Amino acid sequence: MAYYPIFVEMASRPCLVVGGGAVAEAKVTGLLAAGAKVTVVAPDLTPALEELLRQGALHYEARDYKESDLDDCEACFVATDDGAINARVAGDCRDRGVWVNAADDPANCDFILPSVVRQGDVVLAASTGGASPALARRLREELTAFLNDVRTELRARSKVVNPEAWQEAIDARFRALVAQRRLEEARARLLDRLGVESAATAPEA
């Protein structure tokens, strides 16, 4: 598959999650954090999902999936360990033009979910095309440590950077340096693009 990376505005977007276990819980939590309108269909829920239901954060149907659950749905997330259910839901979604993601089942996905890091207004997403979640997780952790280091230096210099400046600073050259693991060069370039001279290049007093 050839994936095209995008960020999607999810606020108030109706989404269906099929399944009520730990994987579904993670999907629901992420969707709610993005402001989506979430419906969960499953015979049972985890305690955390039950608590979200009590809080009124989601709508719940205590039963097995049926095709009509896709009515008015814009995106569907299948979080079961049953390949037959994954295939059935994916087929129904594609018949209706609804985007579908089936956890750990790339063949039944129209899109996959990257490993995500949020630092204030900065969002970093890393993916290996579903082939190696562990590698994506390692990339996420390394990028988080890298970004925290840069933010620490910015705070030490009392430098406030707005979201637009971050977006402009994280350019193609910076991303290439990170991918090549030339992190010191990437750090120096990022600081320079943010209007801060890095410690490595700053003149001695």
Side-chain angles (χ1 to χ4, degrees), residues 1-118 122-140 143 167 175:
M1 291 186 176
Y3 291 108
Y4 187 86
I6 61 174
F7 286 87
V8 179
E9 173 59 74
M10 297 299 289
S12 300
R13 196 178 294 272
C15 297
L16 174 68
V17 176
V18 179
V23 175
E25 181 184 312
K27 306 298 185 190
V28 170
T29 301
L31 287 168
L32 291 176
K37 183 179 178 181
V38 179
T39 295
V40 177
V41 174
D44 302 290
L45 296 177
T46 65
L49 287 175
E50 288 179 346
E51 178 59 28
L52 289 172
L53 178 62
R54 282 193 293 271
Q55 295 172 7
L58 55 85
H59 177 73
Y60 175 50
E61 296 290 339
R63 53 171 172 75
D64 291 331
Y65 161 84
K66 58 184 180 181
E67 184 180 350
S68 60
D69 290 326
L70 296 172
D71 293 348
D72 301 319
C73 171
E74 295 188 22
C76 178
F77 299 78
V78 190
T80 78
D81 56 4
D82 189 326
I85 293 177
N86 293 353
R88 177 187 168 199
V89 177
D92 290 344
C93 286
R94 287 163 178 166
D95 288 344
R96 288 170 169 251
V98 175
W99 282 17
V100 60
N101 170 269
D104 297 323
D105 191 354
N108 286 307
C109 291
D110 292 324
F111 65 97
I112 58 175
L113 304 178
S115 184
V116 173
V117 177
R118 296 179 186 271
V122 178
V123 180
L124 297 176
S127 174
T128 57
S132 178
L135 176 58
R137 186 163 52 251
R138 191 189 76 188
L139 292 172
R140 178 194 66 193
L143 286 170
Q167 286 188 335
R175 295 193 298 271

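No experiment lies behind these values; they were computed from the predicted model shown.
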For the student: nearest non-hydrogen atoms of Asn108 and Val100, plus distance: O-CG1, 3.7 Å
Test log, rule side-chain contact (heavy atoms from CB on, under 4.5 Å), inputs Leu52 and Val28: CA-CA 9 Å; Leu52 289 172; Val28 170; 4.1 Å; yes
Nearest atoms (heavy-atom pairs only) where Asn101 meets Cys109: ND2-SG, 3.8 Å
Closest heavy-atom pair and its distance - Ala103, Ala79: CB-CA, 4.5 Å
Shortest non-hydrogen contact between Cys76 and Val89, atoms and distance: SG-CG1, 3.6 Å
By side chain to side chain donor-acceptor pair (under 3.5 Å) - contacts of Glu9 (at least two apart): none
Within 6.0 angstrom of Asp72 CG, more than 12 heavy atoms from elsewhere: no
Please output the side-chain donor-acceptor pairs of residues 56-67 that fall under 3.5 Å, not counting sequence neighbours, one pair per line with the distance.
unit_1: His59; atom_1: NE2; unit_2: Glu61; atom_2: OE2; d: 2.8
unit_1: Tyr60; atom_1: OH; unit_2: Ala42; atom_2: O; d: 2.7
unit_1: Tyr60; atom_1: OH; unit_2: Pro43; atom_2: O; d: 3.2
unit_1: Arg63; atom_1: NH1; unit_2: Asp69; atom_2: OD1; d: 3.3
unit_1: Arg63; atom_1: NH1; unit_2: Asp69; atom_2: OD2; d: 3.1
unit_1: Arg63; atom_1: NH2; unit_2: Asp69; atom_2: OD1; d: 2.6
unit_1: Tyr65; atom_1: OH; unit_2: Asp92; atom_2: OD2; d: 2.7
unit_1: Glu67; atom_1: OE2; unit_2: Arg96; atom_2: NE; d: 3.3

Listed once per pair and sorted, the side chain to side chain donor-acceptor pair (under 3.5 Å) pairs that draw on residues 74-84, sequence neighbours left out: Arg13-Glu74, Thr80-Asn86
Heavy-atom pair of closest approach, residues Val40 and Gly19: CG1-O, 3.4 Å
Any pair counted as side chain to side chain donor-acceptor pair (under 3.5 Å), so long as it reaches residues 27-46, sequence neighbours left out: Glu25-Thr46
Nearest-0.5 Å distance, CZ of residue Arg94 to CG of residue Asp110: 4.5 Å
Candidate pair Asp105 and Val78, rule side-chain contact (heavy atoms from CB on, under 4.5 Å), full reasoning: CA-CA 9 Å; Asp105 191 354; Val78 190; over 6 Å; no
Pairs where residues 68-97 contributes a residue and the test ring-ring contact (aromatic ring centres under 6.0 Å, His included) is met, not counting sequence neighbours: Phe77-Phe111
Heavy-atom pair of closest approach, residues Gly21 and Leu49: O-CD1, 4.2 Å
